[in-house]
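In what follows, a structure is listed as structure tokens, so that the remarks can point back to it.
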There are 2 protein chains.
Amino acid sequence: MTDKISERIPSAERREQILEAASRVFGERGYFGATTDQIAKAAGISQPYVVRMFGGKENLFVGVLTRSLDRLLVAFTETIAQWKADGSPAATDPGYPIGKNPKHGEIGRRLGLAYVNLIEDRGLLLSLMQAFSMGQDPSIGAKARGGFLTIYRLLREEAGFDPEEARGFLAEGMLLNTLLGLRLTDDYGKDDAATELIECTFRTKLQLVLEVQGDEGERA
Amino acid sequence: MTDKISERIPSAERREQILEAASRVFGERGYFGATTDQIAKAAGISQPYVVRMFGGKENLFVGVLTRSLDRLLVAFTETIAQWKADGSPAATDPGYPIGKNPKHGEIGRRLGLAYVNLIEDRGLLLSLMQAFSMGQDPSIGAKARGGFLTIYRLLREEAGFDPEEARGFLAEGMLLNTLLGLRLTDDYGKDDAATELIECTFRTKLQLVLEVQGDEGERA
DNA sequence: GTCTATATATAGATAGAC
DNA sequence: GTCTATCTATATATAGAC
């Protein structure tokens with residue numbers, strides 16, 4: 001049972017394990033509150049190894065943030081590519097009831113679903129939320145602003161949103177962050193206001209997850 | 001120059017000073033990352049006194065959160081009362097269809113302005129954002145969820161929003177939090193995407209701050 | 001109401017063995 | 001690639017003086 005010495009694995013793989021663990025711990029305790037020792041324990045390795053591999057705590061957090069933003073960008077990029085491959089804009093769109101612009105209602109729903117699937121990873125969600133409150137930190141703030149603006153440009157230039165639509169999409173996303181960060185979903189069915197807000201938010205954003213997932217199933 | 005011993009002041013006043021200082025420090029460093037010593041220095045008193053007055057760090061954070069939520073609730077309550085006193089449709093006709101009525105956009109703008117004025121206090125903004133990412137903490141999470149739902153009920157029952165309007169208002173608020181937390185406003189005029197997003201967000205939310213402030217001036 | 005002194009615990013980082 | 005041992009700094013909280 002003496003699993004004191006971890007299996008020897010390639011550094012790239014270990015690096016990913018550490019980032020995954022760090023994402024959870026930074027999310028739960030914040031950048032300053034998280035300790036490299038907690039991260040090391042979560043990753044199943046020694047504390048000095050974490051420090052050695054990333055050179056320090058700040059570099060590690062930037063690594064976590066970069067990984068989260070990359071995953072978000074990849075998910076959105078792939079979603080848009082699939083949407084275009086499916087006959088993109090108004091083509092095969094059967095005219096959905098939501099939004100003034102049915103042409104963009106479809107991609108909005110697809111991106112919304114992709115986003116919710118991503119932030120079900122609470123580590124990713126919370127480390128993003130932490131970064132959003134750290135604009136004052138030179139390196140972390142710059143990285144977070146850059147990532148946020150990259151997503152905005154993707155919405156504008158690739159998904160075809162106008163400024164108003166892009167802003168609305170981002171606002172809905174920030175509300176989703178808050179409801180999940182707060183764990184307000186725990187009050188679903190217990191509190192009338194919580195139940196109404198959750199149903200309204202998830203229905204509007206996803207137009208029922210199952211419906212969209214059903215569409216994906218039909219394509220397969 | 002030996003200002004080692006602070007002036008002797010009433011505990012209620014000192015308590016408020018500590019909460020104000022704690023709001024800033026908790027906001028910048030997070031709950032776990034903030035230290036009672038940093039808070040004490042920011043308040044100009046000794047660290048043990050901070051601990052003694054609040055009984056501990058967790059109580060202190062709950063105090064900060066309670067104060068922030070109270071300020072928000074008071075600001076919104078007063079804004080709604082003023083709106084009704086100014087002769088809103090809802091005030092004169094209980095059965096007034098608030099839905100998509102243009103006159104109803106008025107209370108949204110007023111509440112939005114009140115909100116932006118509040119979160120210009122970065123300590124308040126960031127401590128709220130921290131709380132929104134702490135749903136997993138038993139006492140802090142419960143307090144934060146309760147406060148968020150209280151605001152939701154106020155929008156629904158007092159401001160006359162329907163579920164969709166309330167959700168949209170909250171979403172816009174969460175986007176404002178993010179843009180300010182990120183300090184994305186620092187990129188205004190420097191980055192095209194940032195400039196567009198900021199102009200779109202603040203124009204939509206406030207319908208030009210000056211316009212509303214002008215209305216207030218006319219009443220005076 | 002406010003402090004100094006301090007006990008006890010834990011932080012991030014470095015050195016060097018295997 | 002991974003560890004143990006350890007240095008130095010700093011954390012929260014308590015005791016007790018003024």
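As the structure is a prediction and not an experimental result, all values here were calculated from the model.
- Between Y188(A) and E199(A), the side chains place a donor N or O and an acceptor N or O closer than 3.5 Å (distance only, hydrogens not considered).
- The cationic atom of R156(A) (NZ for Lys, CZ for Arg) does not lie both less than 6.0 Å from the six-membered ring centre of F161(A) and within 45° of the ring axis.
- No salt bridge links R24(B) with E28(B); every basic N to acidic carboxylate O contact stays at or beyond 4.0 Å.
- Interatomic distance, S23(A) OG to R122(A) CZ, rounded to the nearest 0.5 Å: 11.5 Å.
- Taking every heavy atom of residues 53-61 of chain A and every atom of DNA chain C, pairs under 4.0 Å involve G56(A), K57(A), by number.
- Using modelled atom types, one finds no donor on one side chain facing an acceptor on the other under 3.5 Å when comparing E158(A) with T77(A).
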Report all interatomic pairs (protein N or O, nucleotide N or O of nucleotides 3-5 of chain C) with separations under 3.5 Å.
unit_1 : atom_1 : unit_2 : atom_2 : d
dC3(C) : OP1    : K4(B)  : O      : 3.4
dC3(C) : OP1    : S6(B)  : OG     : 3.2
dC3(C) : OP2    : S46(B) : N      : 2.8
dC3(C) : OP2    : S46(B) : OG     : 2.9

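- One interatomic measurement links the two molecules: CZ of F32(B) to C1' of dT10(C), which rounds to 15 Å at whole-angstrom precision.
- In this structure, Q17(B) places its CD atom 8 Å from P of dT2(C), rounding to the nearest Å.
- Straight-line distance from the CZ atom of R15(A) to the P atom of dT2(D): 14 Å, rounded to whole Å.
- By the salt bridge (charged side-chain N to carboxylate O under 4.0 Å, His left out) test, R183(A) is found to be paired with no residue, residues two or more places apart in sequence or in another chain being considered.
- The structure places CD1 of I140(B) at 3.5 Å from CE of M134(B), a figure rounded to the nearest 0.5 Å.
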Side-chain polar contacts of residues 42-50 of chain B - donor-acceptor pairs under 3.5 angstrom, sequence neighbours left out - could you list them?
unit_1 : atom_1 : unit_2 : atom_2 : d
Q47(B) : NE2    : T36(B) : OG1    : 3.2

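- The CG atom of L179(A) sits 10.0 Å away from atom CZ of F132(B), with the distance rounded to the nearest 0.5 Å.
- The stretch residues 35-43 of chain B touches DNA chain D through T35(B), T36(B), D37(B), each having a heavy atom within less than 4.0 Å of the strand.
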Under 3.5 Å, which donor-acceptor pairs do the side chains of residues 143-155 of chain B form with other protein atoms, sequence neighbours left out?
unit_1  : atom_1 : unit_2  : atom_2 : d
R145(B) : NH1    : L182(A) : O      : 2.8
R145(B) : NH1    : G135(B) : O      : 3.1
T150(B) : OG1    : G146(B) : O      : 2.8
Y152(B) : OH     : E196(A) : OE2    : 2.5
R153(B) : NH2    : D191(A) : OD1    : 3.3
R153(B) : NH2    : D191(A) : OD2    : 2.6

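- Among the atoms of the strands shown, only primed sugar atoms or phosphate atoms (P, OP1, OP2) are found under 4.0 Å from some heavy atom of E7(A).
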